[in-house]
Amino acid sequence: MNEIVKSWLKSLEFLKPQVSGQMEVIPVRAPEGSQNYLTLGEAMSDGLISIGEVDEYGSVPKVLAVNRAAEPVLIIDGEELEGAKQNRVANVTVLVPEKSETMIPVSCVEQGRWSYTSKEFRDPERVAALNVRVTKTRTVTENLENIGRSAEIDDTPEDEHVIRDTFGDNREVNIRNQEELLTAYCSRQSSVWDEVNRLHRRTGSTSKTGAMADAYRKKRKTLEDFKKPFKPVKGQNGVLVAINGRIAGFELVSRSSAYRELHDKIIKSYAIEAMLHDEATYDPVDPEGFIERIMSAEEHRYPSPGYGIDHRYTAEGLVGSALTHAGEVIHSVFFNLQEESRSIRGYRERAETMRRNNHHI
């Protein structure tokens with residue numbers, strides 16, 4: 001595992017748990033990062049970033065972010081963008097450089113619409129529901145392993161400008177152009193839609209356009225009540241979440257002020273799934289054991305569409321990622337997939353088969 005990520009994971013402090021129904025939240029504290037950036041919500045509310053379709057016609061798996069701010073803007077994995085020709089979620093965490101135009105790889109979470117409702121996307125203050133996000137993350141990671149191998153980085157370059165210059169003439173990273181990288185960060189869109197449809201069935205919601213947003217709207221009052229006990233605490237910059245005594249996920253950002261902005265979005269993404277369970281059980285969870293599993297996972301590194309390096313982690317029953325930039329972890333998220341270990345093995349086998357097939361074409 002990359003030393004920057006490993007050192008950060010070793011420094012974690014797990015705080016007093018908070019509980020609501022079937023969901024247990026353990027606040028996490030880590031050393032404060034030094035890199036300054038705005039969250040997507042902050043930048044949008046101040047009119048410093050605009051995100052829209054790549055052109056008049058649009059392209060489902062990518063959108064264009066124009067950052068007018070004097071500092072980077074953080075868009076986290078799974079963060080939703082509402083409007084334009086259809087609602088999307090970010091496929092990967094991107095630290096959008098200051099004063100830049102950056103393509104963002106995305107997945108559609110509104111299958112039945114391809115027409116403008118607004119010129120630009122707005123921030124609906126949501127992250128994709130847990131199972132939608134897990135499926136997206138897992139299939140993006142699979143795609144990177146299948147077709148993104150040419151972009152893989154052996155180790156963190158001393159000069160991270162090498163990564164930012166990937167899309168120019170720099171050949172230190174073997175990848176031809178930005179389009180190729182964006183393709184590598186695609187999800188399996190049909191699987192994402194399947195999870196959105198499943199969420200509608202479980203919440204009893206309907207949507208003329210198949211929008212994930214309508215499931216959140218249907219359960220808005222119940223969701224608001226359910227998540228009330230989950231309050232950010234002083235110095236918190238991460239969270240570990242368990243549902244019915246089983247760890248579901250773990251997420252960290254480098255600055256506590258940024259986490260406070262993101263807290264409600266992250267909590268809602270777990271809560272909308274957790275509150276649908278019929279019974280509540282509280283088996284003891286083992287945060288330290290989960291971190292050990294992360295630290296023993298297989299790692300691959302790829303250039304990020306924005307600043308930094310995207311680290312991908314896979315192990316039996318686990319998938320996750322971390323974005324590093326300028327010697328620190330900016331954001332990381334890991335999901336526990338133990339109940340789906342058979343499908344994880346299948347994913348590994350499919351990835352290897354596809355690589356062999358591509359090699360012989």
Side-chain angles (χ1 to χ4, degrees), residues 8-9 11-33 35-46 49 72-82 89-90 93-95 122-130 132-134 137 212-213 216 219-243 247-275 285 287 290 320-323 328-336:
W8 208 46
L9 290 173
S11 69
L12 304 179
E13 179 185 359
F14 295 99
L15 308 177
K16 183 179 179 180
Q18 302 166 344
V19 175
S20 176
Q22 303 88 337
M23 182 166 151
E24 179 180 357
V25 168
I26 301 177
V28 182
R29 187 181 290 144
E32 193 79 1
Q35 294 298 307
N36 290 323
Y37 51 83
L38 300 169
T39 63
L40 176 64
E42 289 174 318
M44 278 197 166
S45 64
D46 290 342
I49 192 170
V73 174
L74 180 67
I75 301 174
I76 68 166
D77 173 288
E79 205 159 7
E80 187 173 359
L81 303 167
E82 189 173 70
V89 295
T93 296
V94 180
L95 189 61
R122 56 190 169 273
D123 173 23
E125 301 183 356
R126 285 190 299 269
V127 168
L130 174 61
V132 175
R133 197 178 182 198
V134 168
T137 299
M212 181 183 68
Y216 274 91
K219 292 294 183 180
R220 180 169 48 200
K221 179 61 168 64
T222 306
L223 185 58
E224 289 300 317
D225 290 340
F226 184 88
K227 69 181 182 66
K228 281 181 180 177
F230 305 127
K231 306 292 186 185
V233 301
K234 184 177 180 180
Q236 179 182 356
N237 53 358
V239 65
L240 184 140
V241 179
I243 298 174
I247 293 174
F250 165 71
E251 189 151 0
L252 281 165
V253 293
S254 61
R255 291 171 42 233
S256 56
S257 59
Y259 176 80
R260 189 171 289 273
E261 292 289 331
L262 294 165
H263 174 84
D264 199 55
K265 289 184 178 185
I266 293 169
I267 292 298
K268 284 191 293 188
S269 73
Y270 290 93
I272 195 167
E273 300 273 6
M275 69 186 193
V285 298
F290 189 63
S321 66
L323 176 69
E328 63 188 58
V329 179
I330 303 299
H331 174 260
S332 63
V333 61
F334 297 88
F335 299 109
N336 189 11

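Because the structure is predicted, anything quoted here is derived from the model rather than measured.
Separation of atoms CG (N237) and CZ (R29) is listed at 8.5 Å; rounding is to 0.5 Å. Note that the OH atom of Y259 and the OG atom of S254 stand 14.0 Å from one another [nearest 0.5 Å]. To the nearest 0.5 Å, the span separating OH on Y216 from NZ on K268 amounts to 7.5 Å. Note that OG1 of T137 and CZ of F334 are 11.0 Å apart. Values are rounded to the nearest 0.5 Å. One finds the OG atom of S332 at 6.5 Å from the CG atom of L9 (value rounded to the nearest 0.5 Å).
A salt bridge links R126 with E82; the closest basic N to acidic carboxylate O contact falls under 4.0 Å. Contact check on K265 versus D123 returns a salt bridge, with a Lys/Arg side-chain nitrogen under 4.0 Å from an Asp/Glu carboxylate oxygen. Ion pairing of E80 with R122 is absent here, as no side-chain N (NZ or NE/NH1/NH2) approaches a carboxylate O to less than 4.0 Å.
The minimum heavy-atom distance between M275 and I272, with the atom names listed, is CG-O, 4.0 Å. Between P17 and P27, the shortest heavy-atom contact is CA-CD, 4.4 Å. Across all non-hydrogen atoms, the minimal contact from P232 to R260 is CG-NH1, 3.7 Å. Annotation for A90 and I75: closest pair CB-CG2, 3.9 Å, computed over non-hydrogen atoms. The minimum heavy-atom distance between I243 and A248, with the atom names listed, is CD1-CB, 4.1 Å. Residues F226 and S20 come closest through the heavy atom pair O-OG, 2.5 Å.
Between the H263 side chain and the F230 main chain, a donor and an acceptor come within less than 3.5 Å of each other. With hydrogens and angles disregarded, a donor-acceptor distance shorter than 3.5 Å links the side chain of E42 to the backbone of T39. The backbone N or O of D77 sits less than 3.5 Å from a side-chain atom of R133, completing a donor-acceptor pair. Judged by distance alone, the side chain of Q236 and the main-chain N or O of V233 form a donor-acceptor pair under 3.5 Å. Remark: the backbone N or O of E24 is not paired with any side-chain donor or acceptor of Q18 at under 3.5 angstrom.
You'll find the side chain of I247 stays beyond 4.5 Å of the side chain of V241, heavy atoms only. Between L262 and E79, the closest side-chain pair of non-hydrogen atoms falls below 4.5 Å. Contact annotation: the side chain of L252 approaches that of V28 to within less than 4.5 Å [non-hydrogen atoms, C-beta and beyond]. In this structure, the side chains of P287 and I26 come closer than 4.5 Å at one or more pairs of heavy atoms. No side-chain heavy atom of I330 sits under 4.5 Å from any side-chain heavy atom of V253. Side-chain contact check for I76 versus L74: some heavy-atom pair is nearer than 4.5 Å. The closest side-chain heavy-atom distance from F335 to L130 is below 4.5 Å. L223 is not listed as a side-chain neighbour of K221, based on a closest heavy-atom distance of 4.5 Å or more.
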Worked verdict on V285 versus F290 for side-chain contact (heavy atoms from CB on, under 4.5 Å): CA-CA 9 Å; V285 298; F290 189 63; over 6 Å; no

Worked check of side-chain contact (heavy atoms from CB on, under 4.5 Å) between M212 and V89: CA-CA 10 Å; M212 181 183 68; V89 295; 4.2 Å; yes

Criterion side-chain contact (heavy atoms from CB on, under 4.5 Å) on F250 and N336, from CA distance to verdict: CA-CA 9 Å; F250 165 71; N336 189 11; over 6 Å; no

M23 vs V19, side-chain contact (heavy atoms from CB on, under 4.5 Å): CA-CA, chis, key distance, verdict: CA-CA 6 Å; M23 182 166 151; V19 175; over 6 Å; no

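A cation-pi contact links R255 to Y37, judged by a cut-off of 6.0 Å to the six-membered ring centre and 45° from its axis.
Among K228, R220, K227, the one residue that satisfies the side chain to side chain donor-acceptor pair (under 3.5 Å) test with E224 is K227.
A donor and an acceptor atom, one from each side chain of E32 and S256, are located under 3.5 Å apart.
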